[in-house]
Structures are given as C-alpha cells and as structure tokens.
2 protein chains.
Amino acid sequence: MARTQGSHSDITGPRILAAAEELFARHGYAAVSMRQIAGAVGVQAGALYNYTSDKQSLLFDLMQTHMEELLAAWAEESVPGDVKGRLEGFVRFHIRYNLERSDAVFIAYMELRNLTEENFARIEDRRRAYEDQLEGILKDGVAQGLFHVADTKIAALAVIAMLNGVLTWYRDGGRLSLVEVETLYWDMVRKAVGV
Amino acid sequence: MARTQGSHSDITGPRILAAAEELFARHGYAAVSMRQIAGAVGVQAGALYNYTSDKQSLLFDLMQTHMEELLAAWAEESVPGDVKGRLEGFVRFHIRYNLERSDAVFIAYMELRNLTEENFARIEDRRRAYEDQLEGILKDGVAQGLFHVADTKIAALAVIAMLNGVLTWYRDGGRLSLVEVETLYWDMVRKAVGV
DNA sequence: GTTTTATCTGAACAAATGTTCAGTTATTCT
DNA sequence: AGAATAACTGAACATTTGTTCAGATAAAAC
C-alpha cells in the first residue's frame with residue numbers, strides 16, 4: 001500500500017497538529033511517541049515527516065502558533081478606554097480564551113523545558129510580550145492614581161498565575177458557569193489592585 | 001566489580017531520591033531515564049532497584065513525601081488567633097516553604113499526569129487537604145464578617161495558584177528579597193479578600 | 001578469622017524510540 | 001488517455017528504554 005484514498009496534505013497537516021496537541025497536553029511531550037500521534041491520525045509514523053522536520057518542531061510549532069494567536073486575539077479584543085474597564089476586559093478575555101484552548105495553554109506552560117534553547121527564547125519572548133500587555137494596564141492605572149499596586153511587574157505575574165489556575169479545575173457543566181467564573185476572578189483582581 | 005567501598009543503604013537511598021527529584025524537576029519524569037538517575041548517584045542502573053520497585057514508585061514516593069511534609073510543616077507553623085494573622089501566616093509560609101523546596105513543588109504540580117490512577121488519587125487527596133487549610137481560614141474570616149469573598153473554594157484555589165506563580169520567576173539574589181516578595185503577595189491577597 | 005549478609009556490577013532482555021527511504025498508489029496535470 | 005507529482009506504506013536503522021539477575025566484593029556478625 002502507499003498513498004491512501006482521499007489523502008490531502010491540507011487535511012492531514014492540521015490533523016497531525018491537532019492530534020499532537022491533544023496528546024502532548026494529556027500525557028506530556030516526552031511521554032508521547034511519534035507512532036502514537038500517527039496512530040491518532042490514522043497514518044504511519046513515517047508520514048508525519050512530510051509535515052514536520054522532527055518532533056521538536058512539532059512542539060515548537062504548536063507553542064509558537066498558540067502564542068501568536070493569543071497576542072493577535074488580545075490585540076483585536078483590547079479596547080482603549082478607562083483603565084478599570086481595560087483590566088476587566090483583560091481578565092475576562094484571558095479566562096475565556098485560555099479555557100477555549102486549554103490544551104494549547106497547558107502545553108505552553110508545561111513543556112517549556114522540552115524546547116531547544118533557541119526555541120525557548122522565542123516562546124519566552126512572546127510570553128513576556130503578553131505579560132507586558134497586562135503590566136501596561138496596571139502602570140496606567142497606577143499613573144492615574146486609580147490602582148494601588150506596589151510592584152506592577154510582580155502584580156502582572158501574580159494576576160496571570162491566578163487566572164491560569166482556572167485551567168486546573170474548571171470543567172464544562174460544573175458548579176459554575178464561565179461567566180460566573182469570570183466575575184468571581186474579576187472581583188478578586190479588582191480588589192487586589194485596590195479599586 | 002561488585003559492592004563498592006563505603007556503600008551503605010542509608011546513604012545511597014536518600015541520594016537516589018535526591019537525584020531523582022532534581023532530574024525530574026529539571027527535565028520532567030518521562031524525559032529522565034533510570035540510567036541518568038543512577039549516573040548522578042555514581043552507581044549502575046540495576047542498583048536502583050534495591051531501593052525502589054520501579055520508576056513509578058520513585059515518582060510517587062517523592063510526591064507523597066513532599067505532600068506529607070508540607071502538611072506537617074503547616075500544622076506546626078499554623079497558630080490560632082485572629083483570621084487576618086492566620087491568613088498572613090499562610091501566605092508567608094506557602095511562599096517560603098515552596099521556594100525552599102521548589103524541586104519537589106514543581107514535581108507535585110507538573111507530574112500528576114504521570115501517576116497511576118491510584119497514586120494520583122492519593123496525592124490529590126493530600127492536595128485537597130492542604131487547600132482546605134486555606135479555605136478554612138477564609139471561611140472563618142467570612143463568618144466573622146471580616147473577609148468579603150463570594151466563593152471561598154474558588155478564592156482558596158485562586159490564592160494558591162497566585163502564590164505558586166512565584167516559583168516560575170523567583171531567583172535567589174534577584175531584584176527582590178524573599179521577605180519583600182512575601183510582603184508584596186500578602187498585600188495583594190489581603191486586598192483581594194477585602195481587608 | 002571465618003561466615004553471613006548487604007550492596008553493587010555488568011551483562012542481558014525484549015520492547016520502544018526518532019528518523020530515513022525505496023517503493024507504491026492515488027490524485028492532478030497535460 | 002498517459003505522465004507527473006503528491007501522499008503514504010512498511011521495513012529498516014541504531015539507540016535507548018525499564019527491568020532482571022547471577023555473580024562478585026565489601027561490610028557486619030560471630
């Protein structure tokens with residue numbers, strides 16, 4: 001056998017990335033083999049190498065794409081206006097976006113140590129850019145005398161860490177709806193920055 | 001060659017656990033081989049099996065020990081008194097203790113998916129017990145009308161997630177001292193619970 | 001000083017790993 | 001229709017994996 005019926009690169013390519021994303025998120029990068037990914041797609045392991053140069057760049061591509069899309073989505077959703085509203089927008093956006101793409105977020109936070117030094121630096125750069133978005137809001141709030149935070153850098157990291165925690169317990173159809181979760185966290189963030 | 005000079009089980013045993021802890025924390029459980037652990041101890045791979053039945057229980061032992069020690073340390077440090085003081089005590093304890101044992105904490109949070117279903121349940125039980133300690137403080141504060149939190153369960157998870165974030169960026173000799181970090185986070189937690 | 005026991009080596013095992021590639025077949029182009 | 005190309009198979013590769021175990025040597029017990 002060789003080329004299979006209905007095989008197209010623009011179909012198999014995304015399916016490989018999707019399978020890798022789910023498996024990496026569930027079992028971890030190092031614990032997932034190329035054969036498992038291939039099996040999930042319904043293809044032999046060798047076929048993966050028409051779409052990726054190696055396992056490492058499969059991981060990097062997933063992370064890179066996720067970070068770019070995250071930044072792009074925030075750039076589109078972010079609206080200028082009063083700082084309090086901007087902060088609320090960030091909190092709600094972060095929770096919602098990250099829950100929608102929990103697999104990608106999980107990977108982006110847990111598999112950093114499996115990246116090449118060079119790839120790590122690139123991802124880290126994008127993460128810092130995202131953190132800077134939040135810190136920018138906090139700085140503006142402080143400058144306007146509205147927020148009271150002693151260290152905007154630390155506060156930004158603390159808020160993001162707190163929001164990321166949602167990923168570890170939130171389940172669809174659980175006790176709280178998405179909007180309720182957003183509101184609970186916004187309430188805590190709002191008070192933490194002193195407004 | 002066989003038994004090496006100065007070989008004692010009460011020395012090699014702890015060294016194996018220490019080496020495994022450091023390697024698991026740095027590279028991840030699945031990415032570390034038994035031969036790497038043995039190499040770090042200065043012993044052949046087969047010798048590890050005098051101290052552990054398999055790789056899985058090496059991981060579980062590390063997690064189990066960590067969780068028990070964490071709970072014991074908190075039980076000793078925790079003092080009854082006003083809720084505000086108890087909450088401050090928890091925040092400072094959590095940051096300090098977790099930074100001192102960052103390798104074990106990292107493993108306990110990142111390698112849950114590599115545990116057997118049964119082992120996972122045991123660790124999860126201990127983690128919940130720890131979260132309950134914090135939630136208990138929050139509940140007391142709410143009952144006394146001192147804290148204003150809408151959902152004590154979520155608030156406990158949010159606070160712990162926020163505090164754990166310190167692990168990802170704190171470095172000894174960095175911009176902020178340990179006490180400064182504790183104080184910054186306590187300030188944010190204090191405000192977040194509305195006091 | 002001799003025996004017993006604890007501790008480790010070194011080789012071996014089958015299975016699994018990432019990756020390559022010649023060959024085969026479906027699709028697309030002419 | 002046939003020729004060219006894209007997509008995949010299946011086998012092979014050198015390593016590495018977790019784990020076992022007979023044998024060897026050091027430490028402890030007598």
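First the proteins, then the strands, lettered A, B, ... as listed; each starts at 1.
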Subject >> Residues that A:Tyr97 engages under ring-ring contact (aromatic ring centres under 6.0 Å, His included), provided they are two or more places apart >> reply: A:Phe93
**OP:** Please determine if A:Lys55 forms a cation-pi arrangement with A:Tyr29, meaning its NZ or CZ atom is less than 6.0 Å from the six-membered ring centre and no more than 45° off the ring axis.
**Re:** yes
Enumerate all atom pairs, one protein N or O and one N or O from nucleotides 27-30 of chain C, separated by less than 3.5 Å.
unit_1 : atom_1 : unit_2 : atom_2 : d
C:dT27 : OP1    : A:Gly6 : N      : 2.7

Original post:
Can you tell me how far P of D:dC8 sits from CG of A:Asp10, to the nearest Å?
Top reply: 10 Å
Subject >> Separation of atom CD1 in A:Ile37 from atom P in C:dA16, rounded to whole Å >> reply: 17 Å
Original post:
Does one side chain, of A:Glu111 or A:Asn114, offer a donor that lies under 3.5 Å from an acceptor on the other?
Top reply: yes
Original post:
How long is the line joining CG of A:Asn114 and P of C:dG18, in whole Å?
Top reply: 12 Å
Subject >> Ring-ring centroid check B:His94 B:Tyr130, cutoff 6.0 Å >> reply: yes
Subject >> Donor-acceptor under 3.5 Å (A:Arg126 side chain, A:Met67 main chain) >> reply: no
**OP:** Please report the closest heavy-atom contact between A:Leu134 and A:Ala156, naming both atoms and the distance.
**Re:** CD2-O, 3.5 Å
Subject >> A:Ser78 side chain to A:Gln133 side chain, donor-acceptor N/O pair below 3.5 angstrom >> reply: no
Original post:
Rounding to a whole Å, what distance do you find between A:Leu48:CG and C:dC21:C1'?
Top reply: 15 Å
**OP:** Enter the distance from A:Tyr185:OH to A:Arg190:CZ here, rounded to the nearest 0.5 Å.
**Re:** 16.0 Å
Every protein N/O lying under 3.5 Å from an N/O of nucleotides 15-19 of chain D:
unit_1 : atom_1 : unit_2  : atom_2 : d
D:dG18 : OP1    : B:Val32 : O      : 3.4
D:dG18 : OP1    : B:Lys55 : NZ     : 3.0
D:dG18 : OP2    : B:Met34 : N      : 2.9
D:dG18 : N7     : B:Arg35 : NH1    : 2.9
D:dG18 : O6     : B:Arg35 : NH2    : 3.0
D:dT19 : OP2    : B:Tyr49 : OH     : 2.7
D:dT19 : OP2    : B:Lys55 : N      : 3.0
D:dT19 : O5'    : B:Tyr49 : OH     : 3.3
D:dT19 : O4     : B:Arg35 : NH2    : 3.3

Original post:
What's the CD-P distance between A:Gln44 and C:dT19, to the nearest Å?
Top reply: 17 Å
